[in-house]
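Step one of this worksheet: look at the structure below.
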Amino acid sequence: MSNSITVTLPDASTLQVADGESLYEIIGRISPRLQKDALAAAVDGVPVDLSCAVHNDAPLRVITFDSPEGKSIFWHSASHLMAQAVKRLYPDAKFAIGPSIESGFYYDIDMSATVSPENLARIEEMMRTIVDEDLAVRREEMKRKDAIAMFTKAGEIYKVEMLEEMGDDTVSIYRQGGFLDLCRGPHVMSTSRIRNFKLLSIAGAYWRGDEKRTMLQRIYGTAFPEKKQLEQHLKFLEEARNRDHRKLGRELDLFSFSNEVGAGLPLWHPNGAVLRYIIEKFSTDEHLKRGYKLFSIPHIAKAELYRTSGHLDFYSENMYAPIRIDGQDYYLKPMNCPSQIKIFTSSIKSYRDLPFRGFEMGTVYRYERSGVLHGLTRVRGFTQDDAHIFCSEDQIEDEIKDVLDFTLFMLKTFGFTERSIYLSTRPEGSVGSDRNWELATSALKNTLESGGIAYTVDPGEGVFYGPKIDIKIKDAIGREWQCSTIQVDFNLPERFDVQYIGSDGRKHRPIMIHRALLGSLERFIGILIEHYSGKFPVWLAPVQLILINVSDDEAGPADELRLRMLELGFRPEIDRRDESMGYRVRDAIARKIPFIGVIGKKEVAEGTISVRKLGESKSVSMKIEDLIDMIRGEVENRH
RNA sequence: GCCCACGUAGCUCAGUCGGUAGAGCAUUUGCAUGGUAAGCAAAAGGUCACCAGUUCAAUUCUGGUCGUGGGCUCCA
């Protein structure tokens, strides 16, 4: 029995252990601390439970919560813990799937009772009881057909369905106390390992994500080894709530929605509209600098246009019902490309005209199912910084490279420096020849690779007319958002028979590149609000400086300064209300205005102003000229 | 669209086990002329989302519609 076995640790050191010694014991010999932190271990690269014994020489890696693998195991175990609690409280509960997700876990459950927020507390209570019971989590392997029989008997129809689709002969189940679940594992050793958890929300979810199948109740939760980590995570969620653009949009008076105007149709208030204008102007100027030509098109077009473009065939579920005008059907444009193409084709183009870059702040209307609407990030009418580049095949890579550089410049300007890049390939139900898809996809790939840009392939996520590069940005609290998209299209030029005269005097077909850098402005601004937490940099702030007069005597001079700054192109405001200074300062801070300028007797006499920066509690007295220079500097540097 | 929850003043929220409602902040007015995070007082403000039904009586109960939130599915 006491055959000695050698395990090799990641640092290449080795450890002699007895045959049959459990991983838990082995890790205890490395360090008691590690033993305490260990959730599972990888033997020969395969993750297994700590209760497993080692019988052969093998490399050993301890899995703790610090690794993504460890988190996943921990959260998965937490989902079992929750399921066990639910089963105790609701014996008729049938379990579907309960995986770990990005920062926690969920379990999809089918049961007669509906879970309410109050019930979550009851379930948490029961989870605590089970934790205190310190139930060992045990793995058992059995024949698949035996498992089917067992779960059928238990009424676990979803588990049975999953088992029936599995190819393996043998399956594993995990048992903790009276609860058992079909699971690949591994899991933590005991329910007592999961002490810090929180159930967060309840939602509906279709069995297998199929809207034709049963709607299950999904309970989301999260858990951590340390109490402090849980608290930190809950604080993060709180922070995200405080940054919510819907909340800040109301508080900062940026935008609103009206029941009477319609769902998903944002109304921009003066503060929001000016922010939007600044972004539009900045974007338009940058496009002109890079040789783009401006386009502008109407919001509706005839059915014929969208029949030619293929939108009526491939995109109609996102389009609104036609408008009947003089016996003809017109559609609200769901995309800008078809009409923009008509601008390109309005005259004969030569190869000398290529690449032809047409840009527009183009508003589109898309039908979104009511349940998906969300603040500014998911609306039914929105404006994109949309451009279409017509170029020859051998210009594609250069153009894409330019677009990528341009995109990264734009994102950086708005404070987004971290991003990840995705290459989406041909989806089901797409149009176009294999050759063109291949050509377009490799053009995107080559550009990324020759630029040394790391990317991830998203198989089948392209648009119906071509592959695309999507860029996801990370905001100030680490959440990812998708804005930018670059799409190569051989299809529309063909459909519209777009041509140019080459240097050989013959007709050629250009390629189109569709691209939006900020994407939907509505969405982008929503993200910006959350990214900056409403504290916009000076160049974007709807109000850059608020002037506060100490007494009525200074109202005149303060207002003169306001008018002067307006004329200089700044966005000043004056608060001359009959309120105490403390009150008005407090109000200005709540409005997150970057600068507060106080003018009293002393300032008027000296030609100065007392300036307080947002976030600081001290004010600085400075010459008015210096204040203007300072603000100008921040605007020019886009700070 | 689907599941669950929700819709009371501009905002945040009480309340009515069926008898047409209240607070704080915001607003307006008056007083206070105030030196950097809420000066004092008064007034005004609501078809209790909308439409039906039940009832002597509906903001409250029932149904529908619209909208919001968390998700699913879809996507910028």
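Throughout, a chain's letter reflects where its sequence line sits, starting with A, and its residues are numbered from 1.
- Rounding to whole angstrom units, CG of residue Asp575(A) and C1' of rG35(B) are separated by 15 Å.
- Look at CZ on Arg369(A): it is 6 Å from C1' on rU73(B), rounded to the nearest Å.
- Phosphate proximity of rC72(B) to Tyr220(A): present, with a side-chain N or O under 4.0 Å from OP1 or OP2.
- Lys247(A) has no side-chain polar atom (N or O) that falls below the 4.0 Å cut-off from OP1 or OP2 of rC11(B).
- For Arg378(A), no side-chain nitrogen or oxygen approaches OP1 or OP2 of rC74(B) to under 4.0 Å.
- Regarding contacts with the backbone of rG34(B), every side-chain N or O of Ser551(A) stays at 4.0 angstrom or more from both OP1 and OP2.
- One atom, CD of Gln482(A), and another, P of rC75(B), lie 11 Å apart when rounded to the nearest Å.
- Comparing the P positions of rA41(B) and rA21(B) gives a spacing of 27 Å, expressed to the nearest Å.
- Here Tyr206(A) does not reach the OP1 or OP2 of rC74(B): none of its side-chain N or O atoms lies under 4.0 Å away.
- Closest-nucleotide positions on RNA chain B for Ile596(A) and Ser258(A) were compared, and the one nearer the 5' end corresponds to Ile596(A).
- With hydrogens and angles ignored, a donor-acceptor pair closer than 3.5 Å exists between the side chain of Glu368(A) and the base of rA76(B).
- Rounded to a whole Å, the CG atom of Asn336(A) is 12 Å from the C1' atom of rA76(B).
- The heavy-atom pair separating His233(A) from Thr222(A) by the smallest distance is CD2-CG2, 3.6 Å.
- Within the 4.0 Å cut-off from OP1 or OP2 of rG70(B), at least one side-chain nitrogen or oxygen of His374(A) is found.
- Between Arg577(A) and the phosphate of rU29(B), there is no side-chain N or O to OP1/OP2 separation shorter than 4.0 Å.
- At least one cation-pi condition fails for Arg612(A) and Phe595(A): the charged atom is not both under 6.0 angstrom from the six-membered ring centre and inside a 45 degree cone around its axis.
- Here the nucleotide nearest the side chain of Ser370(A), chosen from rG1(B), rC72(B), rA26(B), is rG1(B).
- A cation-pi arrangement, defined by a distance under 6.0 Å to the six-membered ring centre and an angle within 45 degrees of its axis, is absent between Arg250(A) and Phe255(A).
- Between the side-chain ring of Phe382(A) and the base of rA76(B), a stacking contact exists by the 5.5 Å and 30° definition.
- Salt bridge absent: Arg241(A) and Asp244(A) never bring a charged side-chain N and a carboxylate O closer than 4.0 Å.
- When both pairing distances are held under 3.5 Å, rG35(B) makes no Watson-Crick or G-U pair with any nucleotide shown.
- Using cut-offs of 30° and 60° for the angle between ring planes, the Phe282(A) and Phe414(A) rings count as perpendicular.
- Between rG69(B) and Arg246(A), a contact under 4.0 Å exists linking OP1 or OP2 to a side-chain N or O.
- Going from atom CG of Asp108(A) over to atom C1' of rG71(B) covers 10 Å, rounded to whole Å.
- As judged by a 4.0 angstrom heavy-atom cut-off over every strand, Gly582(A) is placed among residues touching the sugar-phosphate backbone only.
- Computed from coordinates, the His245(A) NE2 to rG69(B) P distance equals 9 Å when rounded to whole Å.
- Remark: Lys87(A) fails to qualify as a cation-pi partner of Phe95(A) under the 6.0 Å distance and 45° angle criteria applied to the six-membered ring.
- Remark: the separation of the P atoms in rC6(B) and rA14(B) is 12 Å, to the nearest Å.
- When each of rG71(B), rU68(B), rA38(B) is scored by its nearest atom to the side-chain atoms of Ala203(A), the top-ranked nucleotide is rG71(B).
- Summarising the geometry, the separation between CZ on Arg586(A) and P on rG35(B) is reported as 18 Å, rounded to the nearest angstrom.
- When each of Met215(A) and Arg208(A) is assigned the nucleotide of RNA chain B with its nearest heavy atom, Met215(A) is the one assigned upstream, toward the 5' end.
- Neither OP1 nor OP2 of rG34(B) sits under 4.0 Å from any side-chain N or O of Ser580(A).
- Checking the phosphate oxygens (OP1, OP2) of rA37(B), a side-chain nitrogen or oxygen of Arg612(A) falls inside 4.0 Å.
- A cation-pi arrangement, defined by a distance under 6.0 Å to the six-membered ring centre and an angle within 45 degrees of its axis, is absent between Arg213(A) and Tyr206(A).
- If you measure from atom CD of Glu260(A) to atom C1' of rU65(B), you get 14 Å, rounded to the nearest angstrom.
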